[in-house]
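Contents: one structure, followed by commentary.
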Amino acid sequence: MDNLLKQMGTRIYERRRQKRLTQEELAEIAGVTPQTISTAELGKKALRPENLLKICNALEISVDYLLQGQITDVDSAILSHKVAQLTSQQYRYLEDIIDSYISALNSKE
């Protein structure tokens, strides 16, 4: 159980940093206390189900991703919604970024 809590904490921390949020900012968005975010990131205490959902919503990730690190249809739908808001020029630019990223990953193998 401790290992699962630490893995979840790492995923919360990494996603929060990716979104450039402080613990306090995430807590405010999620409607939880900064202490809840801190203890969750440290893997010291299990989240109550309602807080788990609030944090997932605030971080725009699925519960499956938080619990197991697996990308699901929910995660894909969140990303698809963001991509759908791009202009055609922005979409093509994003496509170039993704292609470059994949090429860089493949060159490391």
Side-chain angles (χ1 to χ4, degrees):
M1 178 77 157
D2 285 344
N3 194 36
L4 173 62
L5 293 179
K6 289 186 188 309
Q7 290 171 2
M8 287 173 51
T10 298
R11 285 190 279 277
I12 293 170
Y13 171 79
E14 289 174 352
R15 181 64 174 165
R16 177 178 63 78
R17 297 293 302 233
Q18 181 184 26
K19 293 183 72 62
R20 295 180 173 85
L21 296 170
T22 64
Q23 287 184 344
E24 291 77 15
E25 291 168 333
L26 174 57
E28 185 175 327
I29 294 166
V32 299
T33 66
Q35 184 66 30
T36 297
I37 302 299
S38 178
T39 56
E41 286 186 357
L42 294 172
K44 290 187 173 189
K45 188 175 172 185
L47 290 166
R48 293 182 6 211
E50 61 271 19
N51 289 340
L52 186 136
L53 290 172
K54 289 177 182 179
I55 291 169
C56 286
N57 287 333
L59 292 174
E60 299 179 310
I61 58 174
S62 68
V63 173
D64 287 321
Y65 177 74
L66 181 57
L67 293 175
Q68 300 176 321
Q70 296 176 343
I71 301 298
T72 67
D73 290 342
V74 172
D75 297 293
S76 297
I78 291 168
L79 183 58
S80 292
H81 177 72
K82 291 177 182 182
V83 170
Q85 296 177 31
L86 300 175
T87 66
S88 58
Q89 185 178 14
Q90 292 168 332
Y91 180 91
R92 292 299 167 206
Y93 185 63
L94 177 61
E95 186 178 29
D96 288 343
I97 292 170
I98 292 169
D99 289 343
S100 296
Y101 180 72
I102 291 170
S103 291
L105 289 176
N106 289 338
S107 70
K108 289 183 179 185
E109 291 179 353

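The first residue in the sequence is number 1, and the count goes up from there.
K54 and G31 get closest at one heavy-atom pair: NZ-O, 3.7 Å. When all heavy atoms are compared, the tightest approach of S62 to C56 is O-SG, 3.8 Å. The two residues L52 and M8 have their closest heavy-atom pair at CD1-CE, 3.9 Å. For the residue pair R11 and L66, the shortest heavy atom distance occurs at NE-O, 2.9 Å.
In this structure the side chain of R16 reaches within 4.5 angstrom of the side chain of E41, judged on heavy atoms. Residues Q70 and Y65 are not in side-chain contact: their nearest non-hydrogen atoms beyond the backbone lie 4.5 Å or more apart. Residues R15 and Q18 meet the side-chain proximity criterion, which asks for heavy atoms closer than 4.5 Å. Side-chain contact between T22 and L26 is absent, with no heavy atoms from C-beta onward closer than 4.5 Å.
Between the side chains of S76 and D73, not a single donor N or O lies within less than 3.5 Å of an accepting N or O. Donor-acceptor pairing under 3.5 Å is lacking for the side chains of T36 and N51.
Shown here is K44, whose NZ atom has no more than 12 heavy atoms of other residues, nucleotides or ligands within 6.0 Å. Around CD of Q89, the count of heavy atoms belonging to other residues, nucleotides or ligands within 6.0 Å does not exceed 12.
Here the CG-CD distance, from D2 to Q7, works out to 11.0 Å after rounding to the nearest 0.5 Å.
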